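Structure first, commentary second.
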Amino acid sequence: MPELPEVETTLRGISASILNTKIIQVNIRNPNLRWPIPNQLPQSLKQQHFTRIRRRAKYLLLSTTYGTLIIHLGMSGSLRIVPHNTPYDKHDHFELCFANNRALRLKDPRRFGAVLWTKDNIGKHHLLAHLGPEPLSPEFNADYLFQLSRSRKVNIKQFIMDSKVVVGIGNIYANEALFASGINPKRAAGRISRARYELLCQNARKILKEAIRQGGTTLRDFTGGDGKPGYFKQELQVYGRKNQPCIQCGHALKEIRLNNRSTVYCIHCQK
DNA sequence: ACGAAGCCCTGCAAGC
DNA sequence: TGCTTGCAGGGCTTCG
């Protein structure tokens, strides 16, 4: 389940193999992702090459001279670099073959992911136009969160998982950042002090950076573009640790459902 | 404007 | 053993 560190790890894993290398074949094996893969994609990409590959939120943006390929991994998606003619897995839905005998493959069992194409300025694309700041950018800071949250009644966990507030903080890292900051996930966003937002910003940044450094969190079968697993899972303090002792105080961690998302926290340490 | 709920989908695990 | 059920959850979309 890719969150920002997993997407960043994927970006780093695939870039060197495909940047500035000619695309010689585009294979759409199953176009039925979240939105259909555009059927004119092969003619848009064939004989072209990616001049720039970057990430915005959890979207991977692969640009040619003429437009940008937008890839989202959804819940279960992964990208891998494989040699040409590697046998397909059941859920390999999309493939770009390059002149260097490498192929970029999208595997996505649940098909929540997306592969789209745009010729427009990427910042104006409807999926990206209204996104909040990147959590690792200076725009994501205590003043920003404090101002934005005034009079908001929504709970803090949902608030920081809202991509209009800040991008890239999914369920796992929301749980972790709130634990590290001693904030109860149920607390209304509008009733948190500036000082506590400062703590939350610092912790969110620290946790995301560390997860990126370790290659993301491997749950089930996530692997980076090089096929190596992430190692962050062993660092998780609350997520997936229901009923286990709190690392701070030893109290059994509690699991609740908040906005239909699994939420694990310590009632003793998080107020 | 805000907040809550619905929906897309398959694999896996728990329960009967 | 084999079935059913529930959960995983990103994020757009719809409804109140």
Side-chain angles (χ1 to χ4, degrees), chain A residues 1-11 29-37 55-61 70-79 88-94 106-116 118 124-135 145 147-178 185-191 204 208 211 216-223 230 232-233 236 238-243 255-265:
Chain A
M1 41 201 72
E3 295 206 32
L4 187 140
E6 290 72 32
V7 179
E8 183 66 28
T9 299
T10 298
L11 173 74
R29 303 187 69 240
N30 181 355
N32 303 312
L33 304 184
R34 174 166 197 148
W35 300 285
I37 299 177
R55 177 188 64 73
R56 170 72 174 114
K58 293 174 187 168
Y59 296 96
L60 290 166
L61 307 173
I70 303 172
I71 299 178
H72 196 288
L73 299 175
M75 282 290 306
S76 57
S78 59
L79 285 169
Y88 289 113
D89 284 344
K90 184 179 172 187
H91 298 293
D92 286 341
H93 304 313
F94 175 74
L106 173 69
K107 175 180 175 179
D108 187 4
R110 289 167 69 180
R111 292 189 275 120
F112 279 22
V115 176
L116 298 169
T118 182
K124 294 188 173 140
H125 191 274
H126 73 280
L127 289 174
L128 295 128
H130 307 290
L131 294 175
E134 290 285 329
L145 279 184
Q147 293 301 333
L148 194 63
S149 64
R150 290 313 88 185
S151 83
R152 292 288 300 268
K153 291 177 180 142
V154 68
N155 66 68
I156 183 61
K157 180 160 175 268
Q158 196 179 1
F159 185 69
I160 60 168
M161 287 176 70
D162 182 346
S163 63
K164 290 194 285 300
V165 175
V166 57
V167 300
I169 300 186
N171 197 41
I172 295 172
Y173 297 103
N175 277 298
E176 294 300 315
L178 289 169
K186 291 190 285 189
R187 177 170 288 274
R191 300 198 52 211
L208 288 170
T217 303
T218 294
L219 296 176
R220 297 194 176 86
D221 62 350
F222 170 80
T223 55
F232 196 68
K233 188 172 183 201
L236 297 177
V238 284
Y239 184 85
R241 295 195 62 244
K242 171 190 177 182
N243 295 334
E255 182 176 58
I256 58 169
R257 295 197 74 75
L258 215 47
N259 311 105
N260 215 24
R261 295 283 197 274
S262 168
T263 304
V264 187
Y265 71 110

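We name chains A, B, ... by the order of the sequence lines, and we start the count at 1 in each one. Just so we're clear, the structure is a prediction, and the values are computed from it rather than from any experiment.
- For the pair A/Asn32 CG and B/dC9 C1', the interatomic distance rounds to 11 Å; values are reported in whole Å.
- In this structure, A/Arg34 atom CZ and B/dC7 atom P are separated by 13 Å, rounded to whole Å.
- Within 4.0 Å of A/Phe159, counting heavy atoms only, lies no atom of the nucleic acid at all.
- When heavy atoms are screened at a 4.0 angstrom cut-off, A/Lys90 is found touching the sugar-phosphate backbone but no base atom.
- Mapping A/Asn155 and A/Asn260 onto DNA chain B by nearest heavy atom places A/Asn155 closer to the 5' end of the strand.
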Check your understanding: Could you go step by step and tell me if A/Arg261 and A/Gln158 meet the side-chain contact (heavy atoms from CB on, under 4.5 Å) rule?
Key -> CA-CA 9 Å; A/Arg261 295 283 197 274; A/Gln158 196 179 1; over 6 Å; no
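- Residue-to-nucleotide proximity on DNA chain B shows that, of A/Arg111 and A/Arg261, the 5′-proximal contact is made by A/Arg261.
- Residue ring and nucleobase are stacked for A/Phe112 and C/dG10, with a centre distance beneath 5.5 angstrom and an angle between planes beneath 30°.
- For the pair A/Lys164 NZ and B/dA1 P, the computed distance is 12 Å after rounding to whole Å.
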- prompt: Can you list the steps and then say if A/Asn155 with A/Leu258 is a side-chain contact (heavy atoms from CB on, under 4.5 Å)?
  reply: CA-CA 9 Å; A/Asn155 66 68; A/Leu258 215 47; 3.8 Å; yes
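- In this structure, a donor-acceptor pair under 3.5 Å is present between the side chains of A/Ser262 and A/Glu255.
- Distance A/Met75 CE to B/dG11 C1': 11 Å, rounded to the nearest Å.
- For the pair A/Tyr173 and C/dG10, the criterion of a side-chain N or O lying under 4.0 Å from OP1 or OP2 is not met.
- A/Tyr265 pairs with exactly one of A/Ile256, A/Val238, A/Leu178 by the side chain to side chain contact (heavy atoms under 4.5 Å, CB included) rule, that one being A/Ile256.
- At whole-Å resolution of the value, CG in A/Leu4 and C1' in C/dG10 are 13 Å apart.
- Judged by distance alone with a 3.5 Å cut-off, no donor-acceptor contact links the side chain of A/Arg152 to the base of B/dG3.
- One can place CG of A/Asp162 at 15 Å from P of B/dA1, the figure rounded to the nearest angstrom.
- A donor-acceptor contact under 3.5 angstrom links the side-chain atoms of A/Arg110 to the base of C/dA8.
- A/Lys157 and A/Asn259 form no side-chain donor-acceptor contact under 3.5 Å, judged by distance and modelled atom types alone.
- With distances taken from any side-chain atom of A/His91 to the nucleotides C/dC12, C/dC7, B/dT10, the minimum falls on B/dT10.
- Distance noted for atom C1' between C/dG11 and B/dC12: 23 Å (whole Å).
- Here the nucleotide nearest the side chain of A/Pro109, chosen from B/dA4, C/dG10, B/dG11, is B/dG11.
- Across the protein-nucleic acid pair, A/Asp108 atom CG and C/dA8 atom C1' stand 14 Å apart, rounded to whole Å.
- The shortest distance between the side-chain N/O atoms of A/His72 and the OP1/OP2 oxygens of C/dG11 is below 4.0 Å.
- Comparing B/dA5 with C/dC7, their P atoms are spaced 15 Å from each other, to the whole Å.
- For the pair A/Lys107 NZ and B/dC9 P, the interatomic distance rounds to 20 Å; values are reported in whole Å.
- Distances shorter than 4.0 Å separate none of the side-chain N or O atoms of A/Lys153 from OP1 or OP2 on B/dC2.
- Taking the side chain of A/Ser163 as heavy atoms from C-beta on, and the options C/dC12, B/dG11, C/dA8, the nearest nucleotide is C/dC12.
- At least one side-chain heavy atom of A/Phe94 sits under 4.5 Å from a side-chain heavy atom of A/Ile37.
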